[in-house]
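Notes follow the structure.
Order of listing sets the numbers, starting from 1, for every ligand and every atom in it.
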Amino acid sequence: MNARSFMGNTVHRGFSRNRYCVIFLFISLHFTYGDVSYSVAEEMKRGSVIGNIAKDLGIGIATLSSRKARIDTDRNDKRYCDINLSTGDLIVTDRIDREGLCGKKATCVIKEELVLENPLELHRISVHVQDINDNAPQFSEDMISFEITESAAKGARFLLTEAHDLDIGTNTVQRYNLQNNDHFTININTEGSGRKHSELVLVKELDREQEKELKFVLTAVDGGSPQRSGTAIIHVTVLDANDNAPVFSQVVYKASLPENSPVDTVVVTVSATDADEGPNGDITYNFDHATDEQVCLFSLDQKTGEIKVKGSIDYETQTSIELRIRAKDGPGLTSYCTVTIDITDVNDNAPAISLKALTNPIPENVSPGTEVGIINVRTDSEITEGPLLHSANDSL
Ligand SMILES: *[C@@H]1O[C@H](CO)[C@@H](O)[C@H](O)[C@H]1NC(C)=O
C-alpha cells in the first residue's frame, strides 16, 4: 500500500470516527504529500499557464476528470488559480497583485490545494508571486517647500522627504537626481536597512536680493526594468537677512535757497533705498552731528527725508550750509550723505552809496567817456564798484 492510497483510505474511513484518526490525518497529510511549488510574476493575464500540475504530480490527464480534480484554497481565501482538466495546466484565474496581497513583504506566497476524490487526496500548491516593476516611485507631495535664510552657510543640509515605491527589492527607489542649479546638490544616505534618504546641501550661498525663490526638480528613480521614476518640485523661499545697508541716491545733495525763504519751504529731499525687506529695509533719516543752529534752521522728516526751512535764513550770516544726514534701517545698518545748501542773496539791505572820487571841476565841454568819479554802492553783502562815466545825456 503506498502512502497516498493509505492516506486516502484513512480519510475515507476515519474522518469522524475518533480523535486519534483526525490527528493522524493532519500529521500524515503534512508529511505524506509532496508540495508543489510554482513561481509566477504578478499581474499575469487571466488564463496564463503557471505550470502543468498533473505532470508535476505524476497524475494522468484521464485521472483528473475521473477523480474530480479541483483547486481549493487553504481557508476561505480567494482563488487565484484553477486547473484545466483537459491539459493539467494550473492557470491564472484572477488578478494577482503582489502589492495588494503582500505589501512590502519580501516573499509573497499564495497557498492553494489540488483536491482529488476517490480516494480523497490533497496536494498543497505554493505559488510564489514575483514582484514586477509596476509601480513608480512617488513623493507624498508634488511640491517640497523650504524656507531658508539667505545667511545660511555653505554646507548647510536640509532633509528631503522620501519617495515611496510600492514594489520591493531593486524595484524600489534606488537613487535621487536633482536638477542642475547654482545653489544645491543632493546627498544620499543609505541606512542599515537599505532605505535611502536624501538631503539638499547648500554649495553656494543664497542672496535674497538676487533671487527670492528657487525651483528645481527632484527625481526618484527605481532599479526596475523598465525603470520608473517620480518627481517633485523643490521650492526654496529665500528669507531676508539684514545684509544690506541703506544707500543714498546721491552722496552729496546740492540745493540753493534764497535767504528769508518762508518756513516750510522745501529745500531738498534726500532719499536712500535698502535692498532688504520688512524692517530690514525700513529707513529713518536723522541729522548727524547737526549744530544747534542748523537744527533751528531746518527740519528733517524722518520717514520721507524732506528737509524744510524752519527758521530764518540769513545770507548775511552764512552763505552756505552743510548738513550731514544719516539713514538707518530697522536693525541699525547706517549710511550717510551730505547736503550742501547755498544761500542766495536777496536785496534785503538798502545800498549805501558813496562817491569815492570826483575830479573837480569838470569843464562843461568835457568829452563823453571821460572818468569823472567812482561811485561805490555797498550793500551788506557785496560791493559794486565802477567808474562813473560822463555821457552826453548825463547831467551831473
Ligand atoms: C483548457 O485547455 C485547452 C487547450 O489549451 C483549451 O482549449 C480550453 O479552453 C481550456 N479550458 C479552460 C476551461 O480554460
Side-chain angles (χ1 to χ4, degrees), residues 1-16 22 25-26 28-136 165-171 222 224-226 228:
M1 185 188 278
N2 69 25
R4 248 173 237 168
S5 61
F6 168 75
M7 267 308 302
N9 289 338
T10 307
V11 172
H12 206 58
R13 284 189 260 112
F15 219 110
S16 56
V22 174
L25 161 75
F26 283 116
S28 299
L29 268 181
H30 194 77
F31 289 110
T32 312
Y33 295 105
D35 295 347
V36 271
S37 171
Y38 295 101
S39 180
V40 65
E42 61 169 324
E43 307 290 355
M44 293 276 278
K45 273 204 299 246
R46 286 178 180 82
S48 302
V49 177
I50 298 169
N52 192 294
I53 193 165
K55 199 186 283 173
D56 293 335
L57 290 171
I59 303 167
I61 298 293
T63 316
L64 292 178
S65 293
S66 66
R67 291 183 63 192
K68 296 189 174 124
R70 64 173 194 273
I71 301 294
D72 263 358
T73 53
D74 234 7
R75 291 169 221 101
N76 281 331
D77 290 349
K78 198 170 159 187
R79 217 166 55 156
Y80 294 95
C81 313
D82 206 352
I83 186 167
N84 181 327
L85 293 178
S86 55
T87 61
D89 284 335
L90 187 67
I91 55 166
V92 175
T93 54
D94 208 336
R95 180 182 173 213
I96 303 174
D97 172 31
R98 195 207 60 80
E99 288 74 37
L101 283 167
C102 303
K104 279 284 179 188
K105 275 195 270 180
T107 57
C108 185
V109 182
I110 296 172
K111 294 203 158 140
E112 302 199 328
E113 287 165 348
L114 175 69
V115 183
L116 299 167
E117 291 178 5
N118 286 323
L120 187 62
E121 196 177 313
L122 303 175
H123 294 274
R124 293 186 173 223
I125 307 164
S126 302
V127 178
H128 294 258
V129 180
Q130 304 302 317
D131 185 44
I132 63 164
N133 193 26
D134 55 345
N135 291 283
D165 191 315
L166 293 173
D167 297 320
I168 55 169
T170 53
N171 289 336
D222 69 21
S225 172
R228 292 175 184 267

Checklist entry - Looking just at side-chain N and O atoms, do Asn135 and Asp167 make a donor-acceptor pair shorter than 3.5 Å? => result yes
Checklist entry - Got more than 12 heavy atoms from elsewhere within 6.0 Å of NZ, Lys68? => result no
Item to check | Residues forming a side-chain contact (heavy atoms from CB on, under 4.5 Å) with Ala136, sequence neighbours excluded | outcome: Arg228
Checklist outcome for this item: With sequence neighbours left out, the residues meeting side-chain contact (heavy atoms from CB on, under 4.5 Å) with Cys102 are Arg98, Lys105, Cys108
Checklist outcome for this item: Residue set satisfying side-chain contact (heavy atoms from CB on, under 4.5 Å) with Lys55, at least two apart, ordered chain then number -> Asn52
Next on the checklist: Closer than 3.5 angstrom, by distance alone: can the side chain of Asp131 be matched with the main-chain N or O of Ile168 as a donor-acceptor pair?
Outcome noted: yes
Below 3.5 Å only, please: the N or O atoms of ligand 1 paired with protein N or O atoms, distance on each line.
{"from": "ligand 1", "atom 1": "2 (O)", "to": "Asn84", "atom 2": "ND2", "distance (Å)": "2.2"}
{"from": "ligand 1", "atom 1": "11 (N)", "to": "Asn84", "atom 2": "ND2", "distance (Å)": "2.9"}

